[in-house]
Amino acid sequence: MKDQAKIIAALLVGAAAGAALGLLLAPEKGEELRGDIADYVNDLVDKAKNKAQTTADNIKEYSTNAVDSVKSKFNGVVSDAEGAYDSAKSKAANYAENGADAAKSKAKDTANDWNNSIQNA
């Protein structure tokens with residue numbers, strides 16, 4: 001990309017130099033020649049400004065699209081992470097509840113066994 005830009009810039013400079021030499025060697029009066037050169041240079045400057053503005057607009061649009069794409073992907077990752085967190089939290093709560101119920105049941109069974117043992121003794 002940089003090589004293409006250098007080539008285009010070199011071609012534009014060469015074209016400008018060639019046009020300027022052509023105008024200087026043309027059989028016109030000095031005042032007319034200076035006016036023609038000024039007009040030509042102004043046209044070149046306007047074209048360069050337009051090209052720079054178009055390029056800046058294209059870069060701005062590309063960067064905006066890239067930022068939007070990254071935001072979209074990031075939001076998707078965050079959403080997925082939140083879903084995974086909620087799922088893990090729910091599973092952990094279920095395991096804890098089931099484990100607590102099992103522990104209560106064992107404790108109750110053990111207490112009943114001791115109670116029976118004491119009453120039978």
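Just so we're clear, the structure is a prediction, and the values are computed from it rather than from any experiment. Worth knowing before you read on, the calculation uses all heavy atoms, side chains too, and leaves out hydrogens, waters and symmetry mates.
Put simply, CD1 on Ile59 and OG1 on Thr54 are 11.0 Å apart, with the number rounded to the nearest 0.5 Å. In this structure, NZ on Lys51 lies 9.5 Å from CG on Leu12, to the nearest 0.5 angstrom. Taking CD of Gln53 as the reference point, atom CG of Asn58 lies at 10.0 Å (rounded to 0.5 Å).
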Can you give each donor-acceptor pair under 3.5 Å made by side-chain atoms of residues 41-50, sequence neighbours left out, with the distance rounded to 0.1 Å?
| residue | atom | partner | partner atom | Å |
| --- | --- | --- | --- | --- |
| Asn42 | ND2 | Ala38 | O | 3.2 |
| Asn50 | ND2 | Asp46 | O | 3.3 |

